[in-house]
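Reading through the structure tokens given below for one structure.
Throughout, protein chains are lettered first and strands after them, A, B, ... in sequence-line order, and every chain is numbered starting at 1.
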Amino acid sequence: MESQYNPKEVEEKIYQIWEESGFFNPDKLPGKRPERFTIIMPPTNANGRLHVGHALTITIEDIMIRFQRMRGKLTLWVPGADHAGFETQVVYEKKLEKEGRSRFKMKPQELYDEIMKFTLENKIYMENDTRKLGASCDWSREKFTLDQSVISETQETFRKLYRDDLIYRDYKTVNWCTKHQTSLSDLETISIEKKDKLYFIKYGPLTVATVRPETIFGDVAIAVNPKDPRYQKFIGQIIEIQHLEKKFSLIILGDNDVDMAFGSGALKITPAHDHNDYNMSVKHKLKRIVVIDQFGKLNEKTGKYAGMKVNEVRQKVIEDLQTLNLIEKIEDYTHAVPVCYKCKTTIEPRLMPQWFVKMQPLATMAAEIVRAGKIQFIPNNFKKIFLYWMDNTIDWNISRQIVWGISIPAFICKNCNRGILDSDNKRNEPCVCGGAFVQDTDTLDTWFSSGQWPLLALGYPHTANMDFYPTDVMESGSDLIFRWIPRMVFLGLYLKKEIPFRTIYLHGMVNDQQGEKMSKSKGNVISPIDLVKKYGADALRISLVIGNTPGTDLSLNENKIKGYKHFCNKIWNATRFVLTNIEGVDLDTRKPVLTVRDEEILKELKKVVENVTDNIENFRFHLAGEELYHYFWHNFADIIIEEMKPRLTQDNNNSKQAAQWILLEVLITIIKMLHPFIPFITEEIWSRLPIKNRKLLMIEEWPKIENKI
RNA sequence: GCGCCCUUAGCUCAGUGGUAGAGCGUUUGCAUGACACGCAAAAGGUCGUAGGCUCGAUCCCUACAGGGCGCACCA
């Protein structure tokens, strides 16, 4: 054995041995394994290389899988590749931009084919990176979110929800990104604080406060609070006003949602360009006038302002209103504005016909199951967050105006925008309005399909793998507590009438050394594969786990990884010492007569086995890892080995044999327990230990807790 | 505004109702037959502040301060 451990020489070789063994696949695992343990890997975005966050996901899941496999369970870990709809399309659009091209000049099919090619290329990188981290997942069951079976089953779910009246098509204001030319769900927007002006504009006898004067062309009403003494008398009146290019008739209505204390207490209602105003229009049956087009420019209904962009026209409108002496005052105003989470373009709420999932019945179902304690959250406070969202959810817009996704299985009337299922076979019949139907060109929100992932990854509705459902643990980043987790819960319940997983384990974000979020634009992204090259996969894995509690963000410090590289080296050298000193002793050597101290050592070891097992079972991987680290270094290496040294050189045959036996026994036990954390070096060491009828360490039995060690 | 989390050694963080732990860093001494990616030792904290429950609190409760994150927005 060399005096230094060299991960480069070991890792690739070991992974190949594992993969060829077939043991990643539960069908090929030896022995009777009555209990199952299943994890569905969050499908990894196949649009680039792995992020350190992925490395954390893979490590934690691999620890659970390897532990349970050694505990004798029938373990299945299904890997997946995500086409990642909008995310990938955004990545690809950037690529097109660099090449001086634009998606808007391409035929949809041409764009789709190019992104598919790009994704399939990246998928291979992603898979190989996953292998480099030691993931013992069943590649034979890998699923891609655009596999034909996934597409067809996702579309089938759409049809089922439609027939159950849980999907509908309607005109509503949606979050429109003028750059990406698609609508987005609420979860795909973020709000940023923005300094704006609050303009007080005269509307006949009233004054209205607004930050968006450019939308006045779409005004249909003014709302006041019915309790407001200033305005009560106007409620129900229709006022005629002349603003710039246009003469308006606006009804003044009373609504309790109007805050008397804000602005002037009177609110202009523009239902086509504001979510709240839209809701107001539903309540009060108001018409909706679209005055801003899909590019964020005013349309032909705005006279001389037509064609101007929202931001430019705002100033112009104010100037013109000032000329007419219609501006009462202007105040500074800071508020949060929703922007596209990818390009930060201000969201333009826009009235559009879209498909929506009716959330209330589904959310209620999910909340009930969680309240009943059927799903365990780790850490527990995410349960509250989950329930808050379920109790306050609004209908989910699932149409996206992008090509990279699963197409919506529906026909749309060209005339009235009514939508029907494609399977209803009425395409050739005219719509009730007399219009003709065409295939819907929109695609489904990527979370609509990934929300069914635990089922789809197991091949639902085919029954072959359904014994693995419900799965045991869903492990993912805490950022997906809204975006993904709830959707899996209610879609799983809806489709299969069963929870998709028993436990949700959420890890925190991996940030840079300063605790800043890693992002390409900041240039602080650390590649896990570079770290693997530098320190070895084992060192990276264990440093991501130790000192990292669930749900808490982690500041990644390279020195820490270096420290655990040293730990690997320590293990290597302790093993080297044991192997060169145990002579003929092997695992089958009969237990010699032990000293009192030897028995004490075994007792301590037994305690470690108990603690580590308990901690892993209860998802406290950081404690299990830390205990193993300390036991190995500061007990086994520092104390036990040092104590045994004199006994190894003496002539007392029995004491010597006992020392040798103890050294091997402790080493073997601890190597087994370290395996889930640092699988490569432990498997390599295993292959060098004196064992007859050697199996791979990955399928060795976990140290027993009771009876003999 | 609402909600969640955090505040412990220089840094990054564990942890426990009974007078504090790790890694890295720092200081000192060691080439001790596994390992200098090492060994031996040491310095370093009134566990955010103020109250409360308790025989006893860093840990439980309350308030406050500072930091982070999420959600929602009043136009």
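Across the strands present, B:A43 finds no partner; the criterion is a Watson-Crick or G-U wobble pair with both atom distances under 3.5 angstrom. Checking B:G33 for Watson-Crick or G-U wobble geometry (two distances, each under 3.5 Å) identifies no partner in any strand. When Watson-Crick and G-U wobble pairs are counted only if both distances are under 3.5 Å, B:G1 pairs with B:C71. With a 3.5 Å ceiling on both atom-pair distances, B:A20 lacks any Watson-Crick or G-U wobble partner. In this entry B:U7 has B:A65 as its Watson-Crick or G-U wobble partner, both defining distances falling under 3.5 Å.
In this structure, a donor-acceptor pair under 3.5 Å is present between the side chains of A:Glu475 and A:His507. Side chains of A:Asp445 and A:Trp396: a donor on one and an acceptor on the other come within 3.5 Å. Side-chain contact, A:Gln360 with A:Thr364: a donor N or O sits under 3.5 Å from an acceptor N or O. Checked by atom type, the side-chain pair A:Asn635/A:His630 shows no donor-acceptor distance below 3.5 Å. Checked by atom type, the side-chain pair A:Tyr341/A:Glu87 shows a donor-acceptor distance below 3.5 Å. Counted by atom type alone, A:Asn175 and A:His275 present one or more donor-acceptor pairs between their side chains at under 3.5 Å.
Comparing B:U49 with B:G33, their P atoms are spaced 49 Å from each other, to the whole Å. Between B:C4 and B:C64, the distance separating the two P atoms is 14 Å to the nearest Å. Between the P atoms of B:G45 and B:C69, the separation comes to 31 Å (whole Å). Between the C1' atoms of B:G25 and B:A31, the separation comes to 23 Å (whole Å). Only the P atoms considered, B:C73 is 27 Å distant from B:G66, to the nearest whole Å. Atom P of B:C6 sits at a distance of 13 Å from the matching atom of B:C59, rounded to the whole Å. Here, B:A20 and B:A9 have their P atoms 15 Å apart, quoted to the whole Å. Taking atom P on both B:G67 and B:U26, the two are 31 Å apart, rounded to the nearest angstrom.
For B:C74, one of the phosphate oxygens OP1 or OP2 lies less than 4.0 angstrom from a side-chain nitrogen or oxygen of A:Asn276. Between A:Lys384 and the phosphate of B:C4, there is a side-chain N or O to OP1/OP2 separation shorter than 4.0 Å. Within the 4.0 Å cut-off from OP1 or OP2 of B:G68, not a single side-chain nitrogen or oxygen of A:Lys517 is found. For B:G38, the OP1/OP2 oxygens have a side-chain nitrogen or oxygen of A:His566 closer than 4.0 Å. Between B:C39 and A:Trp633, a contact under 4.0 Å exists linking OP1 or OP2 to a side-chain N or O. One finds a side-chain N or O of A:Thr549 lying less than 4.0 angstrom from the OP1 or OP2 phosphate oxygen of B:A14. Proximity of A:Ser478 to the phosphate of B:G70: no side-chain N or O atom is located under 4.0 Å from OP1 or OP2.
Looking at the side chain of A:His634, the nearest of the listed nucleotides B:C4, B:A40, B:G23 is B:G23. Listed candidates were B:G70, B:C24, B:A72. Nearest to the side chain of A:Asp186 is B:A72. Listed nucleotides: B:C37, B:A34, B:A22. Nearest to the side chain of A:His630: B:A22. Side-chain atoms of A:Tyr388 lie closest to B:C71 of the nucleotides B:A34, B:C71, B:U12. Residue A:Ile385 places its side chain closer to B:C4 than to any other of B:A34, B:U12, B:C4.
At the heavy-atom level, A:Asn581 lies nowhere under 4.0 Å from the strands shown. Residue A:Ala637 is classed as a base contact, given a heavy-atom separation below 4.0 Å to a base. At the heavy-atom level, A:Tyr629 lies under 4.0 Å from the strands shown only through sugar-phosphate atoms.
For A:Lys565 and B:C37, a side-chain-to-base donor-acceptor distance below 3.5 Å is present, hydrogens and geometry of angles not being considered. Side-chain atoms of A:Glu642 come within donor-acceptor range of the base of B:A34, with a qualifying N/O pair under 3.5 Å. One donor-acceptor pair, N or O on each side, does fall under 3.5 Å between the base of B:C35 and the side chain of A:Lys570.
Here B:A72 presents its P atom at 15 Å from CG of A:Asp391, a figure rounded to the nearest Å.
Between A:Phe567 and A:Ala336, the residue anchored closer to the 5' end of RNA chain B is A:Phe567, taking for each the nucleotide with the nearest heavy atom. Of the two residues near RNA chain B, A:Lys562 and A:Lys268, the one whose nearest nucleotide lies more 5' is A:Lys562.
Each of A:Ile289, A:Asp219, A:Val291 was compared with A:His273 under the side-chain contact (heavy atoms from CB on, under 4.5 Å) criterion, and only A:Val291 meets it.
Residues A:Asp614 and A:Arg620 are paired through a salt bridge, judged by an N-O separation under 4.0 Å between the basic side chain and the carboxylate.
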